[in-house]
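What follows is a single structure, written as structure tokens, with notes after it.
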Amino acid sequence: QFREGAERMAEAFRHVDQVIVAAHVNPDGDAAGAVAAAGHILRSMGKEFMLYAQPGLPGYLDFFSTPGFVHTTLEHPPFKPRCAVLLDCGEPERLGRELAGRLPDLQTLNIDHHLGGNGMGNVANWVEPQAAATAQLMAYVALAAGLPLTGELANGLALGIITDTGGFCHGNTSAEVLYLTAHLVEHGCNIAQLREHLENSWSRGRLTLWGQLLQRAQLERNGSVCFCPVYLEDLRKCGALKEDLEGFVEQLRRLRGVQVAAVLREDSPACCKFSLRSYGAVDVRAAAARLGGGGHRNAAGGTVRADMDAASAQLLAAIAEELDAEEQDSSGE
Ligand code: 5GP
Ligand code: MN
Ligand code: MN
């Protein structure tokens with residue numbers, strides 16, 4: 001299924017040099033795993049490359065080793081960049097201003113699995129909304145480039161797959177992704193150890209924060225929407241970081257009857273970030289898109305430029321509109 005794209009991208013990798021390897025800002029496990037994989041591929045080809053992430057990899061990925069230093073700025077590159085490999089990022093805005101501003105001067109290759117990512121690569125694009133993770137696609141590129149999926153490469157691929165499938169639980173957990181993971185395990189990748197690093201390494205601040213937020217979660221629309229606002233003050237009081245919220249929105253879906261879980265995080269007095277989760281046919285990407293965000297059907301997010309009160313109202317209205325529209329659709333047929 002993915003062979004043609006993988007071979008095309010492996011070939012494109014062969015024709016570039018002096019490469020910036022980057023994913024979306026505030027990288028998650030899939031972004032980190034995909035970036036690392038691209039580094040391994042470029043290294044095997046003898047290319048000059050630099051890994052780049054804004055504002056760096058999150059603390060919970062400290063254990064993860066990458067093929068080279070992860071730069072957080074493009075100000076002092078080790079070479080004059082001629083190309084950028086862009087990963088796990090559906091739109092240029094999510095690359096961050098620094099890199100987005102340089103794209104016109106660079107050759108770009110783009111590999112992604114976001115729906116609606118129509119390809120920001122000016123040399124080559126490979127966008128597969130069917131893929132569970134960008135790391136999954138990178139595995140096929142690595143194979144097409146003749147690299148065995150072992151060692152650190154395999155760990156990075158598994159990190160991406162575990163992250164984006166929610167530990168092999170989300171609807172994107174295809175047979176394909178399980179075959180691939182079996183292959184990684186066969187070649188020495190330790191899934192249990194990865195999960196241990198990812199799941200069981202909480203800070204005290206994170207535990208305190210989650211405890212407080214779970215008490216605050218509120219139900220809307222007859223219990224079908226579970227919503228929790230998170231203020232900067234919460235993070236400060238609990239001694240927690242933004243990244244300590246990663247995964248929290250999933251907890252809100254645990255309540256029976258909840259169709260949409262929503263977290264709204266204050267980033268500044270005039271800017272908030274939201275995360276949405278759903279299951280099955282309920283499309284939170286469409287709800288996020290009403291506010292200029294995006295993502296996948298069951299996991300989406302975006303930014304609202306407003307204070308928390310106004311942003312909460314907008315977010316709940318967007319969710320309500322989407323649920324109304326879906327109810328109409330299903331009753332109309
Ligand atoms: P999370 O809620 O974990 O931050 O993001 C879930 C998914 O929503 C991500 O995989 C990404 O596809 C999408 N997403 C999150 N934030 C944004 C955003 O600001 N803009 C867009 N277009 N998509 C986002
Ligand atoms: Mn991602
Ligand atoms: Mn991804």
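Just so you know, ligand 1 is whichever comes first in the structure, and atom 1 is the first atom listed for that ligand. What's counted below: heavy atoms across the whole structure, side chains too, no hydrogens, waters or symmetry copies.
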Margin query: For a quick check under 3.5 Å, do H113 and D88 share a side-chain donor-acceptor pair by atom type?
Written below: yes

Note to self: Regarding D62 and H197, do their side chains bring together a donor and an acceptor under 3.5 Å, going by distance alone?
What the structure shows: no

Item checked: Donor-acceptor pair between T165 and N172 side chains, under 3.5 angstrom -> no

Next item on the list: Using a strict cut-off of less than 4.0 Å between a Lys/Arg side-chain nitrogen and an Asp/Glu carboxylate oxygen, indicate whether D267 and R265 qualify as a salt bridge.
Entry: yes

Next item on the list: Tell me which protein heavy atom sits closest to atom 19 (O) of ligand 1, plus the residue, atom name and distance to 0.1 Å.
Entry: G302 CA, 3.3 Å

Margin query: Heavy-atom pairs closer than 4.0 Å: do any link ligand 1 to the side chain of R277, the backbone, both, or neither?
Written below: side chain

Check: Can you find a side-chain donor-acceptor pair between Q212 and W210 that sits under 3.5 Å?
Finding: no

Next item on the list: Could you verify whether a donor N or O on one side chain and an acceptor N or O on the other, from E7 and Y140, lie under 3.5 Å apart?
Entry: no

Item checked: Name, closest N/O/S atom of D88 to the Mn ion (ligand 2) -> OD2

Notebook entry, point to check: Strictly by modelled atom types, are H114 and D112 linked by a side-chain donor-acceptor pair under 3.5 Å?
Noted result: yes

Next item on the list: Nearest heavy atom to atom 10 (O) of ligand 1 wins, so pick from E91, H296, H24, K273.
Entry: H296

Check: Just checking, is any N or O donor in the side chain of N122 or T108 under 3.5 Å from an acceptor N or O on the other one?
Finding: yes

Next item on the list: Have a look at D164 and say which of its N, O or S atoms is nearest the Mn ion (ligand 3).
Entry: OD2

Note to self: At under 4.0 Å between heavy atoms, is it the side chain or the backbone of E93 that contacts ligand 1, or both, or neither?
What the structure shows: neither

Note to self: Looking only at distances, can you tell me whether any N or O atom of G294, backbone or side chain, sits closer than 3.5 Å to an N or O atom of ligand 1?
What the structure shows: yes

Next item on the list: May I ask which of G293, G301, A289 has a heavy atom nearer to atom 17 (C) of ligand 1 than the others do?
Entry: G301

Check: Would D30 count as a contact for the Mn ion (ligand 2), in the sense that one of its N, O or S atoms lies under 2.8 Å from it?
Finding: no

Item checked: Proximal candidate to atom 20 (N) of ligand 1 [heavy atom criterion; set H113, R94, H114] -> R94

Next item on the list: Verify whether one side chain among E220 and Q218 offers a donor that lies under 3.5 Å from an acceptor in the other.
Entry: yes

Notebook entry, point to check: Got a sec: is D28 within less than 2.8 Å of the Mn ion (ligand 2) via an N/O/S atom?
Noted result: yes

Next item on the list: Mind telling me whether F2 and W126 have parallel, tilted or perpendicular rings, with 30° and 60° as the class edges?
Entry: perpendicular

Notebook entry, point to check: Would you say H24 reaches the Mn ion (ligand 2) with an N/O/S atom under 2.8 Å?
Noted result: yes

Note to self: Does only the side chain of E246 get under 4.0 Å from ligand 1, or the backbone, or both, or neither? Count heavy atoms.
What the structure shows: neither

Item checked: Any A299 heavy atom less than 4.0 Å from ligand 1 -> yes

Next item on the list: Any atoms of ligand 1 less than 4.0 Å from a non-hydrogen atom of S275? List them with their elements.
Entry: 1 (P), 2 (O), 4 (O)

Margin query: At a threshold of 2.8 Å, where the distance has to be below it, does the Mn ion (ligand 3) have an N, O or S atom of H113 nearby?
Written below: yes

